[in-house]
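Before any comments, here is the structure.
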2 protein chains.
Amino acid sequence: MAAVVGHEDTRTRLLATALRLFTTHGVEGTSLQMIADELGVTKAAVYYHFKTKDEITEAVVEPGLRELEATVEEATRERRPGARIDHLLTGFVDVVVRHRALVALFSSDPGVARALEKHFFHKESAMAGMITILAGPDPDPARLVAAHAALAGIALAGGAPDLAHLDDPTLRDALLDVGRKLLGRPRPRAPRAPAHVR
Amino acid sequence: MAAVVGHEDTRTRLLATALRLFTTHGVEGTSLQMIADELGVTKAAVYYHFKTKDEITEAVVEPGLRELEATVEEATRERRPGARIDHLLTGFVDVVVRHRALVALFSSDPGVARALEKHFFHKESAMAGMITILAGPDPDPARLVAAHAALAGIALAGGAPDLAHLDDPTLRDALLDVGRKLLGRPRPRAPRAPAHVR
DNA sequence: GTCTATAATACGATAGAC
DNA sequence: GTCTATCGTATTATAGAC
């Protein structure tokens with residue numbers, strides 16, 4: 001199973017380049033010409049790998065979105081509401097850390113939503129599902145705002161260029177802390193230290 | 001002092017329309033044709049009020065950015081670090097609530113940064129200044145991440161369409177709560193209720 | 001202040017050579 | 001698998017009539 005390597009490689013390079021350009025210029029602000037130039041090929045060469053620009057956008061976003069949807073589905077299966085939140089929170093943070101800028105991209109870039117709404121993927125429902133789990137049924141405004149802020153804060157902080165120097169475990173812990181503070185969840189295995197803390 | 005009213009009115013309508021389109025399609029995803037169509041005028045009419053698209057982007061963003069810069073400057077003048085954080089936090093939340101989608105726009109849209117970096121405004125330094133105040137000097141990773149998450153979370157939650165139905169005081173309180181939780185600040189005038197709360 | 005008309009350029013996308 | 005060349009359209013922006 002080691003055929004078409006050259007093909008896969010160029011395709012992978014293309015997606016990596018596209019992601020980088022998308023995060024700095026936005027999807028709509030990135031032209032196929034820019035991608036081709038960065039790759040050192042022509043526009044027509046890009047069109048060999050992908051039929052349309054939307055197809056590129058989908059392919060860039062796909063892996064992260066798939067993992068996110070899987071995490072939401074897993075979390076939904078938890079019986080206790082608190083466990084649902086914890087499962088979703090850790091799963092979300094893991095995806096953000098694994099893909100860094102990607103989640104920030106489709107948390108805020110309208111071009112991603114536009115490209116995705118025409119096909120199978122449903123970013124909207126994944127986001128709605130996460131909010132429902134985090135805020136619970138019939139949430140008060142404070143909890144609803146906290147849920148939104150947690151998702152946006154984790155996604156954008158995780159993808160922030162200023163924080164790119166942090167290694168994965170450090171970033172992961174810090175992002176988990178953000179989520180736990182906003183959602184009122186205890187840290188695992190250290191429920192609540194009484195008085196000598198800080 | 002009540003001249004040129006018609007002019008000001010169209011200009012204001014134009015900016016409001018531009019902001020709305022920017023938030024739903026992104027700056028680069030919004031064409032002057034879209035703005036003109038939405039206004040019921042032609043592209044040339046838009047060009048009467050603004051010489052370039054960048055000028056529109058600047059004008060849309062200007063009021064919010066000015067208020068933000070003023071808030072940062074005020075906060076910097078506070079002597080105690082905690083007071084600096086509280087001042088910046090409340091000021092930032094007020095700007096977000098007053099302008100709702102605007103702050104979310106220039107927190108995440110690359111088109112805004114691109115349009116601004118060519119002229120007087122310095123979004124970058126305003127953001128850096130806020131992070132410095134919130135995270136303090138030589139911050140550990142956790143505090144740095146918390147500061148980033150607080151700003152991004154407040155901005156994007158404040159501009160979220162899902163939360164547009166919340167009235168200003170409710171949204172304001174909820175966003176302040178987000179910031180305080182992430183930055184470890186106490187709620188004013190109700191330091192810590194002992195046991196009967198919740 | 002808004003219009004028609006148009007210029008110059010960039011866009012996404014296709015055809016066909018190599 | 002990548003190229004040159006091109007099509008049709010949309011873009012920002014300008015000139016000039018009304």
Side-chain angles (χ1 to χ4, degrees), chain A residues 2-22 24-61 109-119, chain B residues 2-22 24-61 109-119:
Chain A
V4 285
V5 182
H7 179 89
E8 281 289 333
D9 192 51
T10 305
R11 193 190 149 100
T12 305
R13 279 205 315 137
L14 198 160
L15 289 179
T17 303
L19 172 58
R20 189 163 40 78
L21 289 172
F22 285 172
T24 50
H25 301 103
V27 172
E28 310 260 15
T30 303
S31 69
L32 298 180
Q33 190 69 67
M34 290 164 111
I35 298 174
D37 288 353
E38 203 85 354
L39 268 167
V41 298
T42 62
K43 254 195 304 181
V46 173
Y47 272 104
Y48 170 79
H49 295 280
F50 298 95
K51 273 198 276 291
T52 66
K53 189 187 176 184
D54 281 0
E55 220 172 79
I56 299 179
T57 310
E58 285 173 21
V60 166
V61 163
D109 195 315
V112 173
R114 197 199 53 80
L116 260 53
E117 70 189 6
K118 296 182 178 174
H119 286 72
Chain B
V4 283
V5 183
H7 180 90
E8 280 290 334
D9 192 53
T10 305
R11 193 190 148 98
T12 306
R13 280 205 315 137
L14 199 160
L15 289 179
T17 303
L19 172 58
R20 188 163 40 79
L21 289 171
F22 284 172
T24 51
H25 302 102
V27 172
E28 310 260 15
T30 303
S31 69
L32 299 180
Q33 189 70 68
M34 289 164 127
I35 299 174
D37 288 353
E38 204 85 353
L39 269 167
V41 299
T42 63
K43 259 193 302 181
V46 173
Y47 272 105
Y48 170 79
H49 294 279
F50 298 95
K51 273 198 276 289
T52 65
K53 188 186 176 184
D54 282 0
E55 220 173 78
I56 298 179
T57 309
E58 286 173 22
V60 166
V61 163
D109 195 314
V112 173
R114 196 198 52 83
L116 259 53
E117 70 189 6
K118 295 182 181 175
H119 286 71

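Residue numbers start from 1 in every chain, and the chains themselves are labelled A, B, ... in the order their sequence lines are given, proteins ahead of strands. Since the structure is predicted, the reported quantities are computational estimates derived from the model, not experimental observations.
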Roughly, in whole Å, what's the span from [atom1] in [X] to [atom2] in [N]?
| X | N | atom1 | atom2 | value |
| --- | --- | --- | --- | --- |
| B/Phe50 | C/dT2 | CZ | P | 12 Å |
| A/Gln33 | D/dA5 | CD | C1' | 13 Å |
| A/Lys43 | D/dC3 | NZ | C1' | 14 Å |
| A/Asp54 | C/dA13 | CG | C1' | 12 Å |
| A/Leu32 | D/dG8 | CG | P | 20 Å |
| B/Glu55 | D/dT14 | CD | P | 10 Å |
| A/Tyr47 | C/dG16 | OH | P | 17 Å |
| A/Asp9 | D/dG1 | CG | P | 11 Å |

Discussion item. With side chain to side chain contact (heavy atoms under 4.5 Å, CB included) as the criterion, how do B/Val112 and B/Asp109 come out once you've worked through the C-alpha distance, each side chain's angles and the decisive distance to 0.1 Å?
Written reply: CA-CA 6 Å; B/Val112 173; B/Asp109 195 314; 4.0 Å; yes
Phosphate oxygens OP1/OP2 of [N]: is one of them under 4.0 Å from a side-chain N or O of [X]?
| X | N | result |
| --- | --- | --- |
| B/Tyr48 | C/dT2 | no |
| A/Thr42 | D/dC3 | yes |
| B/Ser31 | D/dT11 | yes |
| B/Thr30 | D/dT11 | no |

Worksheet item: DNA chain C: A/Glu28 or A/Ala44, which has the more 5' nearest nucleotide?
Response: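 Its nucleotide being nearer the 5' end, the pick is A/Glu28.
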Practice prompt. Taking all non-hydrogen atoms of both residues into account, name the closest pair between A/Phe50 and A/Arg11 and its distance.
Written response: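 Nearest heavy atoms, A/Phe50 then A/Arg11: CE2-NH1, 3.7 Å.
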Fill in: B/Thr17 versus B/Ile35, closest heavy-atom pair with distance
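Looking at all heavy atoms of both residues, the closest pair is CG2-O, 4.2 Å.
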Fill in: Polar side-chain atom of A/Lys53 near backbone of A/Ala115 as donor-acceptor pair, under 3.5 Å
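Between the backbone of A/Ala115 and the side chain of A/Lys53 there is no qualifying donor-acceptor contact (under 3.5 Å).
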